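Step one of this worksheet: look at the structure below.
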Amino acid sequence: MASLIRCPHCGARPKEEFTIRGAAVTRPQPDAGEDAWYAYVYLRDNPMGPFDEYWHHTSGCRRWLVVSRDTRTHETYGVRDAAAVAGESRS
Amino acid sequence: MTAYRLGQGGRIDRSRTLGFTFDGTALSGHPGDTLASALLANNRLLVGRSFKYHRPRGVVAAGAAEPNALVTVGSAGRREPNSRATMVELHDGLRAESQNRWPSLNWDVGALNGFLSPFLSAGFYYKTFMWPASFWEKLYEPFIRRAAGLGRASYHADPDRYEKVWAHCDLLVVGAGPTGLAAALTAGRAGAEVILADEASEPGGSLLFDSASVDGQPAGQFATQILAELATLPNVRLMTRTTVFGWFDDMVFGAAERVSRHVSQPLPGQPQERLWRIVAKRAILATGAEQRPLVFPGNDRPGVMLADAAVSYARRFGVGVGRKVAVFANSDAGARTAASLQAAGINVVALVDARVGHPAAVTVPRIFSGGVVSGTSGSRALGAITVRHAGGEDRFEADALAMAGGYSPRIHLACHRGGKPRWSDAHQAFLAPEGLAGLTLAGSAAGARTLGECLSQGAAEAAAVVADLGHTGTAAQFGAVDGDVPEGSVRALWHVPGGKAFVDFQNDVTVKDLGLAVREGFSDVELAKRYTTTGMATDQGKLSNVNAIGILAEARGVSPAEVGTTTFRPFYTPVSFGALTGSSTGHHFQPVRRSPLHGWAEKHNAVFVETGLWVRSSWFPRQGETHWRQSVDREVKTVREAAGLCDVSTLGKIEIFGADAAEFLNRVYCNAFAKLPVGKARYGLMLREDGMIYDDGTTSRLDENHFFMTTTTALAAGVMNHLEFCAQTLWPDLDVRMASSTDQWAQMAIAGPLSRAILQVIVDEDLSDENVPFLAAKTVSLFGGQLEGRLYRISFSGELAYELGVPAGFGEAVADALMEAGEPHGICAYGAEALGVLRIEKGHVTHAEINGTVTAEDLGFGRMVSQKKVDFIGKHMLEREGLVDAERPRLVGVKPLNPEQSFRTGAHILAKGAEATLENDQGYVTSSAFSPHVGSTIGLALVTRGPDRHGEEVVIWNALAGETVPGVLCDPNFVDPSNEKLHA
Amino acid sequence: MRYSALSVFLNGLRGNSNWAAAWRQPEPKPHYDVVIVGGGGHGLATAYYLAKQHGIRNVAVLEKSWLGAGNIGRNTTIIRSNYLLPGNNPFYELSMKLWEGLEQDFNYNAMVSQRGVLNLYHTDAQRDAYTRRGNAMRLHGVDAELLDREAVRERLPFFDYDNARFPIKGGLLQPRGGSVRHDAVAWGYARGADERGVDIIQHCEVTGIRRENGRVVGVETTKGFIGTNKLALATAGHSSQTARMVDMTLPLESHVLQAFVSEGLKPFIDSVVTYGAGHFYVSQSNKGGLVFGGDIDGYNSYAQRGNLATVEHVAEAGVAMIPSLSRVRVLRSWGGVMDMSMDGSPIIDRTHIDNLYLNAGWCYGGFKATPASGFCFAHLIATGEPHATARAFRLDRFRRGYVIDEKGQGPQPNLH
Amino acid sequence: MPEFALVSRPALPHSPVGDASRVRIEALPEGHVLHVLAAGGRDITPEQLASLGDGTAHAVRRYAPGQWFVVGNEALGSKEYREKAARLGADAAVSDQSHGRVRVAVSGSGARSLLAKGCAVDFSPSVFAVGATAATLYNHIGIHVTRTAEDGFELLVLRSFAQSLWEDLSVNHGEH
């Protein structure tokens, strides 16, 4: 994954085209409470192994993607459009 | 040792002669020579000095692994230190110099280190040079630094060009030796897109010097025939002089092509080097194997070289490495070497086989079975060797010694992605990790030991790959191989006891050093490497690492498997900065963004300044103005008194569409946007989720479902990414879409009391305050309907002001018209500097204040933060103790008590009379400028409880400039606090 | 055995066969007063100062790999104390002072070399930021000088001043900054700690943390259970993994930072220099290699290796700064795993679990911090109170809103 | 207002570089570039998109999910733009980028290898056929590429970057 990301809209593209944001964590509901918000903004599981991460195809289709991959091997399991992922988690 | 050009043979072009110099002496060679072969042909045996003891050294290898023959080639901007003579192709006029010697290669003062060697054992420097402490930097270290290092790099800029290319293929074959050729041929015939890369100038690998034959053809001729067929296949790209240096994630390989290294300067239009990023569906490593040296006393004397190198010099380059050549081996490679050399007409005087009971099928005057070389002698070159054997010791003359210590498959690339090599007792070598997705090894890189095996493995692996990729093809078949001499059994012979035996030639690491490392607790392979520096030279231990591991294993009484290897990391061989940089040099380091009003600014004599990637007009000097301050002061005054025109096209601009655009903006800004009326602009503040301010700007509602946002120049790209993040991941249900229109609009600020009158000349509709009040935003017709633009009544200067956006291409024409219309009113062009002064005078903030650590409250925007909205980005962290701490630095104005005194941005604020300590630090000046309006330097500052301290005297402290200025805190709004001018 | 010129001479005469081992290879005891997880620079320094400053010698350092295998063994060796914020500045200056006396203190030549650290600036805004920083340093008595373009040119005439995309306008110099032979720091601390009775146990991986009644009582390891009164975690790069053993989630992400070394060259550049218009910094080691690096790759990773795009990015910035670098060859690259914290600053603190102490979040500033980190962590473990210079490095600062954000980038680790 | 000449200053006032038999770089007329952004969940038919174009081949170019560029050589007045934008009604927004993006044609047998010097996209015809598009990078500059012929490509670049792209292409052109 560190060299090429298979954008679901554009195909395999080099890392240079992307902006990486970090863990694909879900934003809490407004009334979720202090602990939930603190955890969202500051705490990270930081797993060694499978991991979902936000990448933005800045120099391509400008879609935000969720890249699922392994932090030990850089093997990629899948790249999905973040809006679709958000839709799934909602339904 | 006497090396010489053989009367015949080799792949050099004897019909042409090339002149070159080595340490100033004129010598000659032939096309096809490397610098190393040409030096040997000229009987130049001493070619370099080692790193630590400055021992005389000669050529050891014939390829990329060379540890000794490092030279500096070229001059001025083309000077290249540490070039391996074995890889430098000879060309006419080549200038090469030896390194790490003074005053000369023959008489090197540094060689005295050799006498001190008992005191210079591994890691000795960690134990001394500590007293007195101040002597380290003054005395010891400068001496060490001068003594260390190899060649000298140039300080002249490189005159040559470099470039980078992407390539895609089905199959990348690394190495064009027998295995690689067989693989490429198989895949090429099947129709796959193949890239075949080889680091050498001539493809063929070991076929270029192998004495075996294939299907009755000599090996070299066989290679030529396969290459001829490959040339007919349009789907096969052969890349020579191209080193595949790294295997990265997702089957991306890095390769460096030495496009012009073989000529004195690049041909017209050609780069010096080319970096390839090769995206391959599959790859086959056909990288061959590295022959290992043997570690015995005196093994570093010039004249001692690898057996395959000696054969290669004879058969490929037509060079005899000696008149009396001895061979020392721990396998059948010894007999094979002796036979090959003899076949080339070279006199072999002895064969020393470390094994017992392996009769040699070769006739040599002296054959020692179960013998080892236990010593060498000669001044700066080999003269004689001593052989220890069951019957005692023999010493006899030999001027070259060919050593064969077994083979290490070149598995580097296969290990670049974290796989660990496996020790094989059968091979007495490390093999590549198993289970490498997409990459396989074949031939001697995979442990094959004969030419026949290499050919069939290469073809078979390629056939499997192409089948996997959906092509149909069969493994290429070749005729019988004749004269293939397998290595036979290999005796593990990690070192021969006795005197100084070198493991790492370049870094002068001996068997004793490794033993010392083990005794002192550095027995782990990584610690031993770091403590002794074995394997850390420019050859990265290609010849030494496995021997070092064997020696460590012996010392620890374990198997090499247990010792393991250090990590193989890119690069396989060193890669130049030039290749990695490509064409992104000098002015082209980064692209330049030009405003559509760049040409207009040029006409007005602008001085430009880099702002991120943008080039912005900074100020516009007029005749007679000799200092920038004169121009800026004039521009500021003109805006305050008449009018000015400023290019603000670099501000980020975003068109926001959609039924939910208003709701969206309401969530991304901390202040309210849902009810912004059509035709109105509003200042907006964006926070990060941690509650700190992210960016600011104005957003206008052009239509019910169409907004126009401006951002700061610095964060234009960041804000766009952020908005897309919010829209796509947080609230995908909202109908909101964004298009950046930064480049679509030439945007100009027209500011000053006379701006309305000037603008009215080109705007068709009435600009009265009633019709276009403060914060109006609308599409307007210009020049009697010739053009449409967008007009916003907003102000950064505090004056009556507008921003006008017109399609970028028309920007210059419109600016020209405005300047013409404004001329009677005294309009001037003003730049980023004056813009800065005007906004500081008005107390407006930029990213000098919005530095990522300030809250809305800190900047006096506390009341803008909505208390009503249920949610917006940044809302939920705002109430934290640290964000509402009364002691936080907050925005305040600052002036010198004495208007004659000035201060600078970055000065700190101390309470009057307080000692200058960190504890007493109360804040700092974020922005400052000379204000023509106030008549002194003024500043904005973030100061503890600043807004509560207007009128308090403080010290503006700038130790870097030696300035301590008495000052006073004040309202940051220095001009027109009641905003009458703004609303005029 | 004390190291000195004399000992080198005498041992040399005896064929170097009498050198004692620099440290023992002990088997773990059943129980210690303090167990430190992580035999990198910070762990070893902590052990050293526990023994030396606080007389706590019944200490074990557990290292899952070889001694110094972590980021102490893979960094770019720079030391400096040119920090802006009051939470950081005194701590890094303490570190600098410890560096200045370190070699005599632990009797090991780590080649502390104060050849200066120069940060170049290319815009007025950068100059202003460095003015603020340099003055903050001076307020704490730290050396700082603001150089203009000509002063920089005089020191480094071979940089690109006239043809550059982003011309150099000056720089902030800390003359006392410099570099140190990184491995030797680990070895010096290890030897010094071992000499004072600390057990350094290599190839001993901690697999679990045992708690009884809510208190930590010991660790499960590949060499069996080891009991302890106090457990100190110093596993930067893998802190999140270690903390997970006690169900703690930390404000950290692990990122890969690549670094590089060129082939050995005769003296080329004397001081440490950072480029202000791209991600590049460089110094030259005593062996002659140019040691350089740039930005982190940007993604979460434990793989200890990076990607080619970042290499290219670093090389481009390097040549932009020094055009003649073009012909210099890069020998080797490596990747270290960084604990990137949410504000770019570290954590030295107790945890909510009794007897458990945490040292983490060093981002890519861990090497220069090694002495002060060990010193302050030892102080915390021994006295129960944070050291005066490390008071800001609390774990609760994120929740309370007292972050130490030098770059002002907010809670996104890859931007720090 | 006295006489006003509505002159548009071209972003790339350059003559073509190179010859068509090998590789040629040419700045195309600054006509129109419309950026179409479909409303969430709305399908825009190819016919609808084509109705915005000038009828030439490859006038409509896919950019991203639900987004297209519609390009042509003729400049559009505000009225024409508004009329076109209204055609898709609430289904899509149309942002006028006629001045924001500049077109450059790269053509000839060497076009592919010139592009390979900056683009990571695989331009082999089997993967990137005539009509295919890609938003990508050329070296450090964002571009949108359309294959308009076997040996012909059009690049769309932000106006402020156009000059730098031109220089990058020209430098890399050297060999051809």
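Owing to the predicted nature of the structure, the values given are computational and were not obtained by experimental measurement. Each chain gets a letter, A, B and so on, in the order its sequence line appears, and its residues count up from 1. All values below were derived from every heavy atom in this structure, side-chain atoms included, with hydrogens, water molecules and symmetry-related copies excluded.
Proximity to chain D is absent for every atom of Tyr162(B), based on heavy atoms less than 4.5 angstrom apart. Only the side chain of Trp614(B) comes within less than 4.5 Å of a heavy atom in chain D; its backbone stays farther off. For a residue to count as touching a neighbouring chain, one of its non-hydrogen atoms must lie under 4.5 Å from one of that chain's; by this rule Arg82(D) touches chain B with the side chain only. If you measure heavy-atom distances from Val121(D) to chain B, the contacts under 4.5 Å come from the backbone alone. Of the atoms belonging to Ser740(B), it is backbone heavy atoms, and not side-chain ones, that fall under 4.5 Å from chain D. For chain B, no part of Ala162(D) is nearby; none of its heavy atoms comes within less than 4.5 Å. Of the two parts of Ala11(D), neither the backbone nor the side chain holds a non-hydrogen atom closer than 4.5 Å to a non-hydrogen atom of chain B. Only the side chain of Leu613(B) comes within less than 4.5 Å of a heavy atom of chain D; its backbone N, CA, C and O stay farther away.
Taking each heavy atom of Ala813(B) and Phe4(D) in turn, the nearest pair found is O-CE1, 3.5 Å. When all heavy atoms of Arg594(B) and Gln163(D) are compared, the closest pair comes out as NH1-CG, 3.2 Å. Minimum interatomic distance between Arg593(B) and Ser160(D) (heavy atoms only, all atoms of both residues): NE-OG, 2.9 Å. The two residues Ser95(D) and Glu655(B) come nearest to each other via the heavy atoms OG-CG, 4.0 Å. Considering every non-hydrogen atom in both His35(D) and Ala739(B), the closest pair reads ND1-CB, 3.6 Å.
Here Ala116(D) is the residue among Ala116(D), Ala5(D), Gly118(D), Ser124(D) with the most heavy-atom pairs under 4.5 Å with chain B. Most heavy-atom pairs under 4.5 Å with chain B: of the set Glu167(D), Gln67(D), Arg159(D), this distinction falls to Arg159(D). Counting heavy-atom pairs closer than 4.5 Å to chain B, the top-ranked of the candidates Cys119(D), Ala90(D), Gly40(D) is Cys119(D). Ranked by heavy-atom pairs under 4.5 Å with chain D, the first of Val592(B), Leu275(B), Asp735(B) is Val592(B). Between chain D and the residues Phe657(B), Trp745(B), Phe810(B), the largest count of heavy-atom pairs under 4.5 Å involves Phe810(B).
To the nearest 0.5 Å, atoms OG (Ser741(B)) and CZ (Arg101(D)) are separated by 10.0 Å. In this structure, OG on Ser164(D) lies 7.5 Å from NE2 on His588(B), to the nearest 0.5 angstrom. How far OG of Ser78(D) is from CG of Leu782(B): 9.0 Å, rounded to the nearest 0.5 Å. In this structure, CG in Asp168(D) is found 5.5 Å from OG in Ser583(B), a value given to the nearest 0.5 Å. Between Met738(B) atom CE and Leu37(D) atom CG the span is 9.5 Å, to the nearest 0.5 Å.
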- Task: Test side chain to side chain contact (heavy atoms under 4.5 Å, CB included) on Val171(D) and Glu163(B) and set out the steps.
- Result: CA-CA 10 Å; Val171(D) 165; Glu163(B) 66 186 28; over 6 Å; no
Could you walk me through whether His140(D) and Ser584(B) pass side chain to side chain contact (heavy atoms under 4.5 Å, CB included), step by step?
CA-CA 9 Å; His140(D) 297 298; Ser584(B) 300; 3.3 Å; yes
Applying side chain to side chain contact (heavy atoms under 4.5 Å, CB included) to Asp122(D) and Val279(B), what does each step give before you reach the verdict?
CA-CA 9 Å; Asp122(D) 184 355; Val279(B) 184; over 6 Å; no
Check your understanding: After noting the C-alpha distance and the side-chain angles of Asp96(D) and Gln744(B), does the key distance pass the side chain to side chain contact (heavy atoms under 4.5 Å, CB included) rule?
Key -> CA-CA 8 Å; Asp96(D) 186 4; Gln744(B) 167 68 15; 4.0 Å; yes
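A salt bridge does not link Lys79(D) with Glu788(B): none of the charged nitrogens is closer than 4.0 Å to a carboxylate oxygen.
Around atom CD of Glu823(B), no more than 12 heavy atoms belonging to other residues, nucleotides or ligands sit under 6.0 Å away.
A donor-acceptor contact shorter than 3.5 Å links the side chain of His168(B) to the backbone of Ala120(D).
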